[in-house]
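What follows is one structure encoded as C-alpha cells, with my remarks underneath.
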Amino acid sequence: MASRYIYHPFIKGTMPQTKPIVSIENVVASATVNQTVNLNLITQIFPDVEYHPDQFPGLVFRLRSPKTATLIFSSGKMVCTGAKSEKMAIQAVKNVVQKLKKGGIPLENEPQIEIQNIVASASLGGKIHLELAARVLPRSMYEPEQFPGLIHRMLDPKTVILLFASGKLVCTGAKKESEVYRAVGNLHTLLEEKNLMIYEG
Amino acid sequence: RLRTWDSRSQVHEPVDRNFRQAFSELDRLKDKLAVGDAVIEKAAYVYRKALEKGLVRGRSISALVAAALYAACRDTETPRTLKDIANASNIKKKDVARCYRLLIRELDLKMPVVDPVKCVARIASKAGLSEKTKRKALEILKKAEEGKISAGKDPMGLAAAALYVACVMNGENKTQKDVAEAAGVTEVTIRNRYKGLKTHLKL
DNA sequence: GCTTTAAAAAGTAATTT
DNA sequence: AAATTACTTTTTAAAGC
C-alpha cells in the first residue's frame, strides 16, 4: 500500500458514520519516445528483460524501484504497470528511458507520458447488504455464482467499482487519483442514503 | 411452436437468417435441457433484443443463444446452472457467463439473485436424499439467510452445505463427496460453508 | 476477439504437505 | 484438513494475429 489517503467528507459539518480509507494499488501509464527502438539490441544489453516476439510483440523491462513492469514496443511506445501513484508511474518511465540511454540505446527524445488507468482498494466503515444493493443501485450486477462482489458502473467519474459484503471495494478505470476519491465518496454517500450499509462495531 | 418464428423468417433478410439459426439452436437446447416453452420464448425475446442492439456482431450466435437461454432461466427462476447450459450448448462456461453479463449490461436486465432454497431440491434429488433431510436443510438455509452469512457466496455451495448438515442431523449416510458431486462443488467448499453455518448459527 | 503486464477485493478450486 | 498456489471479476495501453 503505497499512497494511503483518508477521505474527509464532513465539509459542511455533517459527520459521516465512517471515513473510507483509500489505497492506490496500481497505476498504468502509456508513453512514447517518438522513434523506433531496436528490441533485440535491448535484449543484448539487458539480459534480464523478457522478450518473446512469437508470444507477444512487447519487451518486458522490470524495475526494482519503483517496482514496475514496462512493456516496450519497437514503435517506441511503452506501457508501464505496477506503480503505486501517478508520480511513481511517471518516474518509472523516466528511469527506464534513462537506463536505456546509459546502456547505449540511442534515444533522442524525452518520453511523453499519459496516465491511462488507476486501480484502488478502499474500505467503507461497515458491511454492505449486497442483495438489496443489487436491486436499488442502477447499472449494477450481482452474480455470486460468478464473482462474490457487486459490479457497479459509475457514470461520474466514469469508473467501475467492485463492492464486497465486507464493505471493502476495488475502484478501477479512473485516470486521476482525485477521481478515485470522488468515486469512493459518491458511492459511500449513495449507500448511506439508500440505507445499504450495516454499521455494527 | 417455433413454426410461427420460422414462417416469419421466410423473408430473406440477413437478420432473419440469423434468427433461423438462433431458433433452431434454441429448439435443440430446449430438448437437451428439458425447459418449457415459456423459457424458450423469453430466451428468443432476449436474443432478438440483443440482435436489434447489434450485440451479435462479431460474436458467436451459439454463445449468445446460450447466454439468452441462461438469462431466461434466471428470469423465470428455472433451476438451470451455467454449467448445465454450457454442457448442452458445447460452449465454455466462461464464454456463456461473459455473454450473459454482456446481455445484462447492454439490455439493462435485472435478474433475481439465485435462491439457494431452489438449489436444495435439485441437489437432494440428484443425491437421493430424504424429504426430511430436505426440509431440515431448508430450515438451516433460512437461518443462514437471516444471519447475513450468504452474501457473496455461491448459492450451490450454501445449499450443499445446508444439506450436508441436515444429513448429519438426520443420520443419513451421505459423505461430503456425495453431496459435493450432486451439487457440482468441491468438498472444500462444503467444509468452508459448514464452518460459517456452525459458528454463526451455533449448530 | 486473443496474446502480455500490474493490482486489489472474496470466493472457489486444485495440489501439496 | 490446513497451506499454497492459482484462477474468477474489473480496468488500460501497446502491436499483431
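As the structure is a prediction and not an experimental result, all values here were calculated from the model.
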Side chains of B:Asp154 and B:Thr189 in contact at under 4.5 Å (non-hydrogen atoms)
no
Round to a whole Å and report the spacing from OH of A:Tyr51 to C1' of C:dT3.
14 Å
When pairs are called at under 3.5 Å and a stem needs at least three consecutive Watson-Crick or G-U pairs, the stems of DNA chain C are C:1-8 with D:10-17, C:10-17 with D:1-8
C:dT12 phosphate, OP1 or OP2: any side-chain N/O from B:Arg193 under 4.0 angstrom?
yes
Using 4.0 Å as the upper bound for N to carboxylate O, is an ion pair formed by B:Asp27 and B:Lys30?
no
Taking C:dA7 as the reference, what is the distance to D:dA3 when you measure between their C1' atoms (whole Å, please)?
23 Å
Within less than 4.0 Å of OP1 or OP2 of C:dC2, is there a side-chain N or O belonging to B:Arg98?
yes
Please pick, from C:dA13, C:dT12, C:dA6, the nucleotide with the shortest atom-to-atom distance to any side-chain atom of B:Thr186.
C:dA13
So, is B:Lys195 near the phosphate of D:dA2, with a side-chain N or O under 4.0 Å from OP1 or OP2?
yes
Inspect the contact between B:Lys118 and B:Glu77 and indicate whether a charged nitrogen and a carboxylate oxygen are less than 4.0 angstrom apart.
yes
Taking 4.0 angstrom as the limit, do B:Lys136 and B:Glu139 come out as a salt bridge?
no
What nucleotide among D:dT10, C:dA10, C:dA13 has an atom nearest to a side-chain atom of A:Pro148?
C:dA10
Length of the CD-C1' vector between A:Glu25 and C:dA7, whole Å:
6 Å
Check ion pair A:Arg62-A:Glu50 (N to O, under 4.0 angstrom)
yes
C:dA9 and D:dA2: how far apart are their C1' atoms, nearest whole angstrom?
23 Å
When we call it a touch if two heavy atoms are under 4.0 Å apart, what does B:Gly152 touch: a base, just sugar-phosphate, or nothing?
sugar-phosphate
Less than 4.0 angstrom between a side-chain N/O of B:Arg101 and OP1 or OP2 of D:dT10, yes or no?
yes
Sugar-phosphate atoms are those with a prime plus P, OP1 and OP2; base atoms are the rest. Using that split, label each nucleotide of nucleotides 11-17 of chain D B, S or - for protein heavy atoms under 4.0 Å, 5' to 3'.
BBBBB--
Starting from C1' on C:dA9, measure out to CD on A:Gln146 and report it in whole angstrom.
17 Å
Salt bridge between A:Lys84 and A:Glu25, side-chain N to carboxylate O under 4.0 Å?
yes
Please list, in numerical order, the residues of residues 101-115 of chain A that have a heavy atom closer than 4.0 Å to any atom of DNA chain C.
none
In whole angstroms, the gap separating P of C:dA6 from CZ of A:Phe61 amounts to 15 Å
Is the closest side-chain donor-acceptor distance between B:Thr78 and B:Thr76 under 3.5 Å?
yes
Below the 4.0 Å mark, does C:dA10 have OP1 or OP2 next to a side-chain nitrogen or oxygen of B:Lys153?
no
Using a heavy-atom cut-off of under 4.0 Å over every strand shown, decide if A:Leu162 touches base, sugar-phosphate, or nothing.
base
If only side-chain N and O atoms of B:Thr189 are considered, is one of them under 4.0 Å from the OP1 or OP2 phosphate oxygen of C:dG11?
no
Euclidean distance, atom CG of residue B:Asp154 to atom C1' of D:dC7 [Å, nearest integer]
15 Å
On DNA chain C, check which nucleotide each of B:Asn192 and A:Thr68 is closest to and give me the residue with the more 5' one.
A:Thr68
For nucleotides C:dT4 and D:dC7, find the distance between their P atoms and express it as a whole number of Å.
11 Å
Base, sugar-phosphate alone, or nothing: which one does A:Thr70 contact when heavy atoms must sit under 4.0 Å apart?
nothing
Mind checking if B:Val185 touches a base, just sugar-phosphate, or nothing, with heavy atoms under 4.0 Å?
sugar-phosphate
Do any N or O atoms from the side chain of B:Glu106 and from the backbone of B:Arg101 form a donor-acceptor pair under 3.5 angstrom?
no
Are side-chain N/O atoms of B:Tyr47 and B:Asn18 paired as donor and acceptor at under 3.5 Å?
yes
Closest heavy-atom contact between B:Leu163 and B:Thr133?
O-CG2, 4.0 Å
Salt-bridge present (B:Asp108, B:Lys53; N to O < 4.0 Å)
no
Using whole Å, what does the distance between atom P of nucleotide C:dA6 and atom CE of A:Met88 come to?
15 Å
Presence of salt bridge, A:Arg182 and A:Glu179, under 4.0 angstrom
no
Output the rounded distance in Å from NZ (B:Lys93) to P (D:dT8).
11 Å
Close side-chain approach of A:Met154 to A:Thr159, heavy-atom, < 4.5 Å:
yes
Just how far, in rounded Å, is C1' of C:dA8 from CD1 of A:Ile151?
14 Å
